[in-house]
Every structure is written in C-alpha cells, then in structure tokens.
Amino acid sequence: MSPAFGAMEVEHYSKGVLLEPFVHQVGGHSCVLRFNDKTICKPLIQREHQFYETLPTEMRKFTPQYEGVVSVSFEEDEDGNLCLIAYPLSGDHDNLENLDNSDCEPKSKLLRWTNKKAMLLENEKVSKEWVRQHRKEEKMKSHKLEEEFEWLKKSEVLYYTVEKKGNVSSQFKHHNPWSMKCHQQQLQRMKENAKHRNQYKFILLENLTSRYEVPCVLDLKMGTRQHGDDASEEKKANQIRKCQQSTSAVIGVRVCGMQVYQAGTGQLMFMNKYHGRKLSVQGFKEALYQFFHNGKYLRRELFESVIKKLTELKSVLEKQESYRFYSSSLLIIYDGKERQEVAVDSDPEDLEDLSEESSDESAGAYAYKPTASTVDVRMIDFAHTTCKYYGEDSVVHEGQDTGYVFGLQNLIDIIKEIRDESSE
C-alpha cells in the first residue's frame with residue numbers, strides 16, 4: 001500500500017489526484033467526489049469540519065470516518081473542459097502519508113503540478129493526437145449530459161435498464177442522474193469564481209459504499225426542522241415551508257434520494273428529493289417498501305439488522321446533550337447483488353427461511369434463501385449542526401434533538417410495520 005502523497009517531490013511539483021463524480025450520491029446539493037475506491041471528498045464547511053474533529057466517541061460508528069483535508073483546484077483546457085484535482089495542503093504532507101492511495105484511478109490521468117500550470121497526463125509518451133481525440137470525446141459527452149440534465153429536471157423517478165453483459169456496479173457511473181447533476185454544478189460554480197479563487201479545501205471521508213458490489217442507497221432527511229440557527233429569514237421560511245409540505249413535519253423524516261437495483265427487471269431505479277417531498281406518510285411507507293424490494297422479493301433478512309442499528313442510534317442520540325443535527329441526513333445502505341440460488345431439494349434445513357415469493361410455482365427447481373447481509377446505517381451532512389461546545393454559536397440548545405429522535409422512532413415503527421405485514 002502506497003501513501004497518498006508520501007512519494008511526492010514537494011520542492012519541485014505535486015502529483016495531484018484526479019477527482020471523479022461519486023456515482024452513488026443520491027441526495028444533497030453539495031458535490032461529492034471520488035478520491036479513491038475507499039475515500040470520497042466534499043467541499044469543506046467549517047461547521048461540518050468541526051463536527052468530525054470533535055464528535056463524541058459513541059457516535060463514530062454511525063458516521064463516516066474522517067480522513068483529513070485536501071486542497072482542490074481545477075484547470076480548464078483549450079476546449080473549455082474542466083477537471084478537478086486534489087493535492088496536500090501546504091505543510092500537511094505528513095498528515096496524509098498514512099492514507100492509502102494505491103487504488104486512485106485512472107493512474108494515467110494523475111496530474112503533475114508546476115508553479116505555472118498543470119500538465120495533463122503524467123505519461124509523456126501519449127501522443128498529441130490521442131489527447132485531441134480524448135478532448136473531443138469528452139466534449140461530446142458534455143453536450144450529451146447537458147441535454148440529459150434538461151430532461152432530468154422533469155423526471156423525479158427514473159428507471160434504467162442494465163445491460164446483462166458486464167458489471168452492474170460499473171453502470172452506475174453512466175446512469176446516476178443526481179451525481180452527474182451535482183458534479184456539473186460544482187464545476188460551474190468553480191468556473192464562475194475562477195477570477196477570484198482557484199483553490200478550495202475539501203474534507204476526505206470514508207466511502208460507505210465501497211464494501212458493496214451493487215450499493216442500494218436510501219438518503220433520508222431527518223428531523224422536524226431543517227434550518228440552522230444562522231439561517232436568514234428567507235432561508236428559514238423556505239425550509240419551514242418544505243417541512244410543512246412534506247412528511248418532515250408529520251413524522252420527522254422524508255425521502256431525500258434513493259437508488260435501488262431491481263434484479264427482477266434488470267433495472268436501476270433512482271428517486272430524487274423532489275419526489276420525496278411530495279410523498280404522503282403512506283407514500284413514504286411505500287417508498288421504503290420499494291427500497292427493500294428487489295423486483296423479485298422483499299429483502300426481509302435486512303429488517304432486523306436495520307431496526308437494531310436504528311434503535312441503537314436512537315439510544316445514542318438521546319444521550320447527546322445540546323446537539324442539533326439540522327438538515328442532516330441518514331443513509332441506509334445494503335448490497336443489491338442477487339443472492340445465490342439454493343436447490344429446493346438439496347437439504348430441508350436450507351428451505352426453512354425461504355421467502356413466499358420463492359416458494360411459488362415459478363421458482364421451479366430453485367428458490368432464494370435469505371442469507372446474512374450487511375446493512376449500514378450512517379448519519380451524514382453536518383453543515384448546520386450545533387452544540388454547546390461550539391463556542392461561537394449564539395444559540396445554545398439544551399437536551400436531546402427531539403425532532404431527530406422523533407423521526408428515528410417513526411422510521412423504526414414504519415419498517416416494523418412493513419416487516420410484520422409482509423410476514424402475514
């Protein structure tokens with residue numbers, strides 16, 4: 001395993017890491033980028049950075065691991081295409097030497113920085129003709145994306161048919177609409193500010209989807225209140241309106257984004273926050289059911305693990321004095337990869353837990369046996385979090401975040417309802 005920046009010739013140049021869109025981002029307006037297979041990065045917001053550096057020990061298992069800070073810049077080529085790169089903060093090389101950078105890809109696209117400008121492509125043997133062709137292809141892709149974004153604005157739930165040939169997980173990068181949208185907006189913001197600023201701080205965080213082959217991700221906006229204490233009157237009114245017009249005000253939770261692989265139809269399903277805001281409480285319950293259903297059967301084996309982790313998180317948050325997690329989200333993640341088939345006549349013990357769907361006539365000689373599956377539950381997005389330990393805050397709250405805990409309890413109750421109803 002090679003260190004992230006340990007081999008850099010700091011005095012002469014820095015070898016930056018080319019950042020790519022994080023293809024499993026399903027919600028939020030802040031752009032999340034892929035640093036390597038196990039690490040993502042996002043723009044540093046001081047309040048969120050402070051949270052990660054000071055969060056209570058008992059909360060760490062419910063948040064992504066914090067891995068440091070990098071500086072991110074961009075270069076614009078002659079065709080107007082932008083690329084983002086990350087490199088160590090000045091004087092921070094020692095702090096990042098333990099970060100595994102062995103899987104940063106593509107290796108051939110690492111950027112070499114000099115005092116004047118970045119030189120594209122470390123491999124100097126690449127021909128100029130290849131570079132021109134590459135730029136031409138990227139420009140064509142850019143135009144295609146712009147057309148797709150216009151269509152996406154009108155589409156809140158999308159289905160993409162997955163090619164049977166090839167890896168399912170690799171096809172997320174071509175289809176995830178929210179990830180592409182956030183990436184384009186981030187590039188545009190940085191381009192507009194280029195005259196005034198070309199370096200940004202980003203925080204490095206654990207990639208929670210890295211352990212899954214086909215990540216199914218549910219992003220839930222938690223709590224009955226979303227605006228921070230420092231919000232303007234206009235922002236405050238806007239956030240209150242969104243809560244009142246969604247399930248946030250009623251049950252303290254709403255859908256902010258979702259991606260699910262439906263093995264039954266061979267499709268990827270994406271749901272964005274605009275659709276989530278329109279859902280009634282019953283619609284929210286149906287969306288949860290859809291998240292745990294792969295198009296063939298309900299993933300019942302996931303329920304107990306999810307309920308256990310949500311209950312544990314609720315217990316932890318009930319003990320957090322003065323914390324308020326305004327506008328934060330909760331992620332639920334599991335692997336959508338199909339389970340292995342088990343022969344119906346192989347062993348009686350193998351059939352004990354077979355689901356109802358797999359026991360009908362269409363199952364034939366084989367059926368699906370639920371297997372142990374890892375489910376992750378994590379809190380993310382702490383740009384508006386506050387607590388009494390943040391000395392600069394003018395408002396100090398007392399007790400637990402009742403709005404967030406209220407949402408957690410309702411979420412637990414609804415998942416239990418789905419579990420119980422599906423077993424009847």
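We use all heavy atoms of the structure for the numbers below, so side chains are in, but hydrogens, waters and symmetry mates are not. Model, not experiment: these values are computed from the prediction.
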Walk me through whether L313 and K309 qualify under side-chain contact (heavy atoms from CB on, under 4.5 Å). CA-CA 6 Å; L313 173 59; K309 291 185 178 183; over 6 Å; no

List the steps, then state whether side-chain contact (heavy atoms from CB on, under 4.5 Å) holds for Y289 with L298. CA-CA 8 Å; Y289 182 93; L298 193 63; 3.8 Å; yes

Verify the neighbour count for atom [atom1] of [X]: are there more than 12 heavy atoms of other residues, nucleotides or ligands below 6.0 Å?
{"X": "E53", "atom1": "CD", "answer": "yes"}
{"X": "K242", "atom1": "NZ", "answer": "yes"}
{"X": "Q282", "atom1": "CD", "answer": "yes"}

Exam field: side chain [X] to backbone [Y], donor-acceptor pair closer than 3.5 Å:
{"X": "Q267", "Y": "A263", "value": "no"}
{"X": "N272", "Y": "G257", "value": "no"}
{"X": "S422", "Y": "R419", "value": "yes"}
{"X": "T247", "Y": "V250", "value": "no"}
{"X": "Q400", "Y": "K319", "value": "no"}
{"X": "S210", "Y": "N207", "value": "yes"}

Intermediate values then yes/no, salt bridge (charged side-chain N to carboxylate O under 4.0 Å, His left out), D335 and K337: CA-CA 6 Å; D335 203 327; K337 182 182 178 182; over 6 Å; no

Check [X] against [Y] and note the closest heavy-atom contact, atom names and distance.
{"X": "P43", "Y": "C31", "value": "CD-O, 3.2 Å"}
{"X": "M379", "Y": "P64", "value": "O-CD, 3.3 Å"}
{"X": "P215", "Y": "Q259", "value": "O-NE2, 2.9 Å"}
{"X": "E398", "Y": "R324", "value": "O-NH2, 2.6 Å"}
{"X": "G252", "Y": "F406", "value": "N-CE2, 3.8 Å"}
{"X": "H293", "Y": "V260", "value": "O-CG1, 4.0 Å"}

Using 0.5 Å steps for rounding, measure from the [atom1] atom of [X] to the [atom2] atom of [Y].
{"X": "K236", "Y": "H227", "atom1": "NZ", "atom2": "NE2", "value": "5.0 Å"}
{"X": "F303", "Y": "D420", "atom1": "CZ", "atom2": "CG", "value": "9.5 Å"}
{"X": "K221", "Y": "Y404", "atom1": "NZ", "atom2": "OH", "value": "10.5 Å"}
{"X": "H24", "Y": "I333", "atom1": "NE2", "atom2": "CD1", "value": "9.5 Å"}
{"X": "I332", "Y": "L288", "atom1": "CD1", "atom2": "CG", "value": "7.0 Å"}
{"X": "I251", "Y": "Q409", "atom1": "CD1", "atom2": "CD", "value": "12.0 Å"}

Non-hydrogen side-chain atoms of [X] and [Y] separated by less than 4.5 Å:
{"X": "L408", "Y": "L330", "answer": "yes"}
{"X": "R225", "Y": "C243", "answer": "no"}
{"X": "I203", "Y": "Y52", "answer": "yes"}
{"X": "V217", "Y": "T209", "answer": "yes"}
{"X": "L411", "Y": "L220", "answer": "yes"}
{"X": "Y66", "Y": "L205", "answer": "yes"}
{"X": "V316", "Y": "M59", "answer": "yes"}
{"X": "L33", "Y": "F202", "answer": "yes"}

For Q50, all residues meeting side chain to side chain contact (heavy atoms under 4.5 Å, CB included), sequence neighbours excluded: T54, Y390, E392

Can you list every pair that meets salt bridge (Lys or Arg N to Asp or Glu O under 4.0 Å) and has a residue in residues 275-290, with sequence neighbours left out? E156-K278, K285-E417, K285-E421

Going by atom types only, do R254 and S248 share a side-chain donor-acceptor pair under 3.5 Å?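 Yes, S248 and R254 have a side-chain donor paired with an acceptor closer than 3.5 Å.
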
Quick one: do the T39 and E67 side chains pair a donor with an acceptor below 3.5 Å?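 T39 vs E67: donor-acceptor pair found between side chains.
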
I would like to know whether Y334 and F291 meet ring pair (Phe, Tyr, Trp, His ring centres under 6.0 Å); could you show each step before the answer? CA-CA 10 Å; Y334 70 89; F291 176 67; 5.1 Å; yes

Could you walk me through whether E301 and R299 pass salt bridge (charged side-chain N to carboxylate O under 4.0 Å, His left out), step by step? CA-CA 6 Å; E301 81 279 10; R299 295 289 299 272; 2.6 Å; yes

Check this for me, if you would: do [X] and [Y] make a salt bridge, where the nitrogen-to-carboxylate-oxygen distance has to be below 4.0 angstrom?
{"X": "K61", "Y": "E312", "answer": "yes"}
{"X": "E206", "Y": "R211", "answer": "yes"}
{"X": "E318", "Y": "K314", "answer": "yes"}

Parallel, tilted or perpendicular: which describes the rings of F51 and Y323, with under 30° parallel and over 60° perpendicular? perpendicular

side-chain contact (heavy atoms from CB on, under 4.5 Å), that's the test. Do V72 and V70 meet it? Break it down for me. CA-CA 6 Å; V72 173; V70 291; 4.2 Å; yes

Check: residues 380-389 side-chain donor-acceptor pairs under 3.5 Å, at least two apart:
unit_1: D381; atom_1: OD1; unit_2: K42; atom_2: NZ; d: 2.9
unit_1: T386; atom_1: OG1; unit_2: D393; atom_2: OD2; d: 2.4

Could you go through the side-chain contact (heavy atoms from CB on, under 4.5 Å) check for Q320 and L317 one step at a time? CA-CA 5 Å; Q320 302 309 312; L317 294 187; 4.3 Å; yes

Start with the C-alpha gap between E234 and N238, add the side-chain angles, then the distance that decides, and say whether side chain to side chain donor-acceptor pair (under 3.5 Å) holds. CA-CA 6 Å; E234 181 181 1; N238 186 43; over 6 Å; no

